[in-house]
Engineer: 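One structure, pasted below without further comment.
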Number of protein chains: 2
Amino acid sequence: MKNIMLDERTKKVLCAIVDSYIEKPEPVGSRYIMKKYGFDVCSATIRNIMSDLEDEGFLFQPHTSAGRVPTDRAYRFYVDCIFKETLKLQSAEIKKLIESLTKKLRKLRNNMNSLFLETTQSLSQATKYLGLALLPETDKTALHRIDFIKFKDDFVIAVVVNDKGIVKNKIIRAYPEITQQELNSLAEFVNANYHGKAFDDIREDLFVRLKREKLYWDKLIAKILKICQQALYFSREDLYISGLYNIMHLPDFSHIERLREIAKTIQDRHLLIKLFENISEDDEIKIIIGEENPFEELRSLSIIASPYKEKDKSLGVIALVGPKRMDYQRAIMLVNAFAKSLTDTLSE
Amino acid sequence: MKNIMLDERTKKVLCAIVDSYIEKPEPVGSRYIMKKYGFDVCSATIRNIMSDLEDEGFLFQPHTSAGRVPTDRAYRFYVDCIFKETLKLQSAEIKKLIESLTKKLRKLRNNMNSLFLETTQSLSQATKYLGLALLPETDKTALHRIDFIKFKDDFVIAVVVNDKGIVKNKIIRAYPEITQQELNSLAEFVNANYHGKAFDDIREDLFVRLKREKLYWDKLIAKILKICQQALYFSREDLYISGLYNIMHLPDFSHIERLREIAKTIQDRHLLIKLFENISEDDEIKIIIGEENPFEELRSLSIIASPYKEKDKSLGVIALVGPKRMDYQRAIMLVNAFAKSLTDTLSE
DNA sequence: GTTAGCACTTAAATATTAGGAGTGCTAAAA
DNA sequence: TTTTAGCACTCCTAATATTTAAGTGCTAAC
């Protein structure tokens, strides 16, 4: 639907309605808007405007004699209106929150798991929505060290530590004829040559090199290649989600149906991971309101997501998931500030 | 409350009432019981019995003209009645479930995480309650290999693999003066001497030995001891919980209040972990009904838990968490059978 | 001890009513 | 042309009856 030009007053009325509905989830009446938001026209005028806005698909009337409720389109309009300004704002309360968070994060700088757990919990605490964080993509980080551990004859456990101190492991079906000795040599070789290198690059280079140099595992080369291939590829799966208990207190989720949706969303984390994988490439906060969501299952929710970075490299995403009737202003401020805090901590 | 002697008919009536209420969560009337469970007395007689049972604290009447609802004490009585017999039972359906589970588990035998995830998911799937599993306590397993990885000057990451193939890691604040070289020696020393040994024993022995032999890290001994101490102690924290979405479909959790309790239970996993830690020492299925729970927060729920073992050594616990109005018969059969299946898989 | 019969209780379902918030329309005013 | 005042109309909500049905407890007879 293309964007209609709205005159200044109409815009103000629309924003007022959204604002009011966010504050209290009840259909908004013309008289209420007029008084509460200090419009200098009478309610009938507001009524006319509201009628127009309904024709344009911004408002929706539950029944003839009720007030109006914003549609997704209205939320989008509202968000576009306040977005830029909101990024510059920072209430005293939020400033305080951020300061305390930054302190905590600094202490946890070397323990990524705690760091992100703290972040999501604080996010949820501050908003009562779900707080999420997608860990740095392994591919975007650098290898700190790799180890191969022979396990039970025909398995190899690859333990990878990246430069963020995140430990990942993978059980790989392997071949009995490979010895721990040989695995040690392999690890030594990889560590010596690729410590501090990005995983992307390692994968590209390692195979070429292994084949070329052949070393002394000559006969095992094919098998070793296979092990390395698996050991160096990690799919994205580390998504932290906090605040289910918090979100259950919102009136928007007072119906069990809505909670089921949330439970399903949490259970099927891969949907959210997919969604965030794209966003982590972006440079700015991204806001997805209801119907805008590419995944149908998430269309009853709104999502505010922001990438966090190390220096200028985007690593992952933190986000809020809440009802469409979300306090966007506050949510945007918080996600923005939290992402900055996280970025600062990681860039230090 | 001590156990009153009930005559045979009274017992039957009580069990019938519990049975009926489990099937359908509505206060049970005398006429219904008489007809449905084929009692050869008239409803007034049943009524008298019910009145007695209420006096004894087995039943509760929501209001004067309503039927009766079982109390926790009634559930306990019911469970004690059916327990022994239930352990011998096995419906065709459950047999099938177990066969399919056992097949799946066998394939996952070398990947504990997937193994337990599968177990809890299947448990929940089959019952619509929450399926839980507490991973084998590290202390009860044996060391497969340990590695110390220097990280960022003053940290050491200890990576421990146990004989179940479970990888755990710990970030330890350490001392800049320790080099990776020295850490390698230490790891080599531990691996050479303690591969296959139980963690309990290692901790006891290692410190004595390190001090005695002193080796060549002489000056660093205090620091190394501290690292080892931390590296070899893992608190229990790996609890799998599946089925939040399932449990939301039960009528018992159709009120948001009850769901909040569940959400809180899931969030505060340490409570459940504490509870299960004790049970894992037991030898048999343990059933905790409502008020019996040592933790107040869990007293609106019932829990069926069974240890699973390797050979004869109890490793951890699997469990179901559901409403007090639980299908105990089915739940007991399933937990029992699942634990056996898991034990078999781990003992092979 | 058990049963039939009946009066009584209570919640839940249904119907009825009153109240109020809010609209849309019209005609007059700006 | 836009805005306003006025008013009839709509429809929800909450409060209040009314009815219904399930189930009890009690009594007196078996």
Side-chain angles (χ1 to χ4, degrees), chain A residues 4-14 16-21 23-71 74 251 254-255, chain B residues 4-14 16-21 23-71 74 251 254-255:
Chain A
I4 300 286
M5 269 306 288
L6 304 178
D7 69 64
E8 210 47 43
R9 193 177 61 185
T10 309
K11 282 185 192 173
K12 275 197 179 138
V13 170
L14 179 51
I17 292 170
V18 174
D19 195 79
S20 160
Y21 191 71
E23 197 177 310
K24 191 153 55 79
E26 275 162 25
V28 185
S30 54
R31 221 175 102 81
Y32 181 81
I33 283 294
M34 179 200 79
K35 287 192 132 182
K36 175 93 185 279
Y37 292 85
F39 283 96
D40 261 349
V41 289
C42 96
S43 66
T45 309
I46 304 275
R47 245 180 341 264
N48 290 333
I49 297 173
M50 284 166 86
S51 175
D52 293 346
L53 283 170
E54 186 172 7
D55 294 342
E56 297 298 341
F58 288 108
L59 298 177
F60 161 77
Q61 214 172 6
H63 56 86
T64 19
S65 71
R68 261 102 171 179
V69 163
T71 61
S254 62
H255 286 291
Chain B
I4 300 286
M5 272 304 290
L6 304 178
D7 69 65
E8 210 47 45
R9 193 177 61 183
T10 311
K11 282 186 193 172
K12 273 195 182 140
V13 171
L14 179 51
I17 292 170
V18 174
D19 194 79
S20 160
Y21 191 71
E23 197 177 312
K24 193 153 55 79
E26 275 163 25
V28 185
S30 53
R31 221 176 102 81
Y32 181 81
I33 283 294
M34 180 201 79
K35 288 192 131 180
K36 175 94 184 279
Y37 291 85
F39 283 95
D40 261 350
V41 287
C42 97
S43 66
T45 309
I46 304 273
R47 226 151 33 232
N48 291 332
I49 296 173
M50 284 167 87
S51 176
D52 293 346
L53 283 170
E54 186 173 5
D55 293 342
E56 297 299 340
F58 288 108
L59 299 177
F60 161 77
Q61 214 172 6
H63 56 87
T64 18
S65 72
R68 260 101 172 179
V69 163
T71 62
S254 62
H255 285 292

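Keep in mind it's a predicted model, so treat the numbers as computed, not measured. Letters A, B, ... mirror the listed sequences (proteins, then strands); counts begin at 1.
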Engineer: Roughly, in whole Å, what's the span from CZ in B:Arg47 to P in D:dT24?
Structural biologist: 6 Å

Engineer: When you measure from the side chain of A:Arg9, which nucleotide among D:dC11, D:dT3, D:dT4 comes out closest?
Structural biologist: D:dT3

Engineer: In Å and rounded to the nearest 0.5 Å, what is the OH to CD1 distance from B:Tyr32 to B:Ile17?
Structural biologist: 12.0 Å

Engineer: Rounded to the Å, how far apart are A:Phe60 CZ and C:dT23 P?
Structural biologist: 14 Å

Engineer: Can you tell me the distance, in whole Å, between the CD1 atom of A:Ile49 and the C1' atom of D:dT1?
Structural biologist: 15 Å

Engineer: Would you indicate, yes or no, if C:dG24 has its OP1 or OP2 atom less than 4.0 angstrom from a side-chain nitrogen or oxygen of A:Arg68?
Structural biologist: yes

Engineer: A:Phe39 CZ to D:dT4 C1': how many Å, rounded?
Structural biologist: 17 Å

Engineer: To the nearest 0.5 angstrom, please state how far the NZ atom of B:Lys12 sits from the CD atom of B:Glu8.
Structural biologist: 6.0 Å

Engineer: What is the distance, rounded to the nearest whole Å, between atom CD1 of B:Ile33 and atom C1' of D:dA22?
Structural biologist: 15 Å

Engineer: Could you check whether the side chain of B:Thr64 and the base of C:dT9 have a donor-acceptor pair of N or O atoms closer than 3.5 Å, going by distance alone?
Structural biologist: no

Engineer: Does the side chain of B:Asn48 pick up a donor-acceptor pair with the side chain of B:Ser51 at under 3.5 Å?
Structural biologist: no

Engineer: Rounded to whole angstroms, how far apart are CD1 on A:Ile46 and P on D:dA5?
Structural biologist: 13 Å

Engineer: Can you check whether A:Leu59 reaches A:Leu14 side chain to side chain, under 4.5 Å on heavy atoms?
Structural biologist: yes

Engineer: Checking side-chain polar atoms at under 3.5 Å, does B:Ser43 have a donor or acceptor matched by the opposite partner on B:Arg31?
Structural biologist: no

Engineer: Any side-chain N or O of A:Thr45 below 4.0 angstrom from OP1/OP2 of D:dT4?
Structural biologist: yes

Engineer: Check the distance between D:dG25's P and B:Gln61's CD and give it to me in whole angstrom.
Structural biologist: 5 Å

Engineer: Taking atom types as they are modelled, is there a donor-acceptor pair under 3.5 Å from the base of C:dT23 to the side chain of A:Ser65?
Structural biologist: no

Engineer: Can you measure B:Glu54 atom CD to D:dG25 atom P for me and round it to whole angstrom units?
Structural biologist: 7 Å

Engineer: Does B:Ser30 place a side-chain N or O at less than 4.0 Å from the phosphate oxygens OP1/OP2 of D:dT24?
Structural biologist: yes

